[in-house]
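These notes are about the structure you will find just below.
Numbered from 1 within each chain, the chains take letters A, B, ... in sequence-line order. Only a predicted model underlies this, so the values are computations on that prediction, with no experimental measurement involved. As a basis for the values below, the full set of heavy atoms in this structure was taken, side chains included, without hydrogen atoms, waters or symmetry mates.
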Amino acid sequence: MPNQNSFSTIYAVARNAFREAVRDRVLYNLIVFVLLLTAAAIFLGELTAGQEARVVTDLGLSASLIFGVFIAIFVGVSLVWKEIEKRTVYSIFAKPVSRTNFILGKYLGFCLTLLVNTAVMGVGITLALVYVGGTRFIAGVWPAIYLIFLEMTIITAVAIMFSSFSTPALSALLTFFVFVIGHFSSSLRDLAQSMGSEAALVFFNVVYYLLPNFSNFSVISNAAVGQRPSASMLGLAFAYALVYDIILLTITTIIFKRRNFK
Amino acid sequence: MKYVVEIEGLSKEYETGFLKKKRSLALDDLYLQVKGGQIFGFLGGNGAGKTTTIKILMSLIFPTAGTASVLGKNVADTAMHGRIGYCPESPYFYDYLTANELMDYFGRLFGLDAAARKRKTDELLSEVGLAEKDRRRQLRKFSKGMLQRVGIAQSLINDPELVFFDEPMSGLDPVGRRDIRDLIANLRAKGVSVFMSTHILSDIEALCDEVAILRGGKLAASGKLGDLLAKDDAGRSLIVEVQGVNADAIRASVEFIAGASIEATPDGANIQILDESDLDAVLDLIRKNSGRLTRVEPAKLSLEELFVRDTTL
């Protein structure tokens, strides 16, 4: 008698989601990234004498973030939507697969893709730093890579949530807004405080608490000057991302469970 | 009696439009019971509600009213789905996977171990006639008929007790249709119940033990195929097939018999009488006109007539 449980279902769906990303050539962005980094290591160093390591760290981590966000948004919004549109969900939900386990499997499989992607980028930056003789920066690069990955997991969860009830184009746009606002929400709140407007303060406070605060994950400029974040900050960032991911996936699941697949 | 599918008062209403909502009733208070161990044909014209019903049974959509159970369990029971198989209409699968990989993935969803997945994959893909070399090709390179074969194979990977086929012959060539027809008949021989929706009437006649016909989301008729085909307004009426007579020459004499009618055929005539007691009079008439009796049979509707009658108003 087959032995089926939630864990093996989630694993099977996640495994397939990872395979889908690989076969759809999502990881090809790494080629562009490596080319960019190589060019930076070779050419930018000559323009910024003595600052090679700093430039490689700054450019490498910024590119990791931008590439990662791009993938998280555009692949994230189509992750579940594509299954509905292409009617592959018909065969899946006729099997002993709950909608919750399906969402979790798709999400975790894609997070694994992002993990591989950011880890390879981290290795690329490390090698580039070894090449330009900036090994002391390496200790700051890996915590930054780890935080970029955590940020990607939240962006993916936001993208999946929006795509569970709207079109991919609108979901991508909304997720991009969340990304941008999430990076500036604390600055916007500070600005509202200095303006002295009660309404603006209330509004930006709501935005600050409602949307994820991505400044918790931004340490690129620190890494570029050789600083590394504390262990407690890394731990708190993990807890913050985990709580956000759970909330977003719970909302997604609630919406997804009520959907009719016409 | 053990029913594998029980539907009680099932209705499904769709809302379309954004500002000005329009409602359309895809299923209207449907009641249906399907016995186990047989092939059940689910018929109806386009938009009659067949696929909507199957989707509700697969828990892909939710009914507006009513309840449905499969193998005695509510359709929302995920564990019950481990005992059924389903091949959707014009199936579409992950096109980046090969047929072998798809079967392996779906086998995992049923919790099959690696050896069982490999064994079932080889066995089922052979049974649906998918060539060895094609099993290692990505599904994006498959024709519609090949995808249909994979669809049928994947629906059987868990050795289901009950299989739902939505238009299983669609996209298949005549050889493919024969293969799948044999496969479905084999399933019944193994004790597997089959619930199948199709438009291909010859397949229904060849395979189905019982049928239900839907019209406008309602049940128009159901029961054993033979019973439905027996003309319900003339339970004892007979068709007498005659050769070597001129239909027009004997029309007046035939119509003298109460309720009898005659229809010319290329080599004679078909005479329909309402009761067996009129048979002697018709035989006398044939003899007098030097005709030859070729067949006497109970009057039945053809499946096509039945389908047209019950699927249109």
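There is no contact between B/Asp77 and chain A, counting heavy-atom distances below 4.5 Å. Neither the backbone nor the side chain of B/Phe164 comes within less than 4.5 Å of any heavy atom of chain A. When heavy atoms are compared at a cutoff of 4.5 Å, A/Arg87 approaches chain B by way of both its backbone and its side chain. Looking at A/Asp24, the atoms closer than 4.5 Å to chain B (heavy atoms on both sides) all sit in the side chain, from C-beta outward. Residue A/Arg99 touches chain B through its side chain alone, counting heavy-atom pairs closer than 4.5 Å. Residue contact with chain B, scored on non-hydrogen atoms closer than 4.5 Å, involves the backbone and the side chain of A/Val13 alike. There is no contact between B/Leu57 and chain A, counting heavy-atom distances below 4.5 Å.
Side chain of B/Arg108 to backbone of A/Ala12: no donor-acceptor contact under 3.5 angstrom is found. Checking side-chain atoms of B/His81 against main-chain N and O of A/Val97 turns up no donor-acceptor pair under 3.5 Å.
Taking CG of B/Asp113 as the reference point, atom OG of A/Ser8 lies at 12.0 Å (rounded to 0.5 Å). Rounding to the nearest 0.5 Å gives a distance of 9.5 Å between CG of A/Asn260 and CG of B/Leu60. From A/Lys257, atom NZ reaches atom CZ of B/Phe62 across 9.5 Å, with rounding to the nearest 0.5 Å. Distance check: B/Lys55 NZ to A/Phe261 CZ gives 10.5 Å after rounding to the nearest 0.5 Å. Separating the CG atom in A/Asn16 from the CG atom in B/Leu97 is a distance of 5.0 Å, to the nearest 0.5 Å.
Environment of CZ in A/Phe203: sparse, with no more than 12 heavy atoms of neighbouring residues, nucleotides or ligands closer than 6.0 Å. The local environment of CZ in A/Phe70 is sparse, with at most 12 non-hydrogen atoms from other residues, nucleotides or ligands closer than 6.0 Å. Summarising the local packing, CZ of A/Phe176 is surrounded by 12 or fewer heavy atoms from other residues, nucleotides or ligands at distances under 6.0 Å. Within a 6.0 Å sphere centred on CZ of A/Arg23, other residues, nucleotides and ligands contribute more than 12 heavy atoms. Taking a 6.0 Å sphere around CZ of B/Arg140, one finds it holds more than 12 heavy atoms contributed by other residues, nucleotides or ligands. At most 12 non-hydrogen atoms from other residues, nucleotides or ligands lie less than 6.0 angstrom from CZ of A/Phe184.
Between A/Arg15 and B/Tyr105 the shortest side-chain heavy-atom distance does not fall below 4.5 Å. Counting heavy atoms from C-beta outward, A/Arg259 and B/Ile61 have side chains that stay 4.5 Å or more apart. No side-chain heavy atom of B/Leu109 sits under 4.5 Å from any side-chain heavy atom of A/Phe102.
For B/Phe106 against A/Ile92, the heavy-atom pair with the smallest separation is CE2-CD1, 3.6 Å.
A/Lys95 forms no cation-pi arrangement with B/Phe110, by the criterion of a distance under 6.0 Å to the ring centre and an angle within 45° of the ring axis.
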Problem set entry | A/Glu20 and B/Tyr96: CA distance, side-chain angles, deciding distance, side-chain contact (heavy atoms from CB on, under 4.5 Å) verdict | CA-CA 7 Å; A/Glu20 179 180 3; B/Tyr96 53 87; 3.2 Å; yes

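When B/Tyr92, B/Phe93, B/Tyr94 are each tested for a side-chain contact (heavy atoms from CB on, under 4.5 Å) with A/Ser91, only one passes: B/Phe93.
With no hydrogens or angles considered, no side-chain donor-acceptor pair links B/Asp166 and A/Tyr90 at under 3.5 Å.
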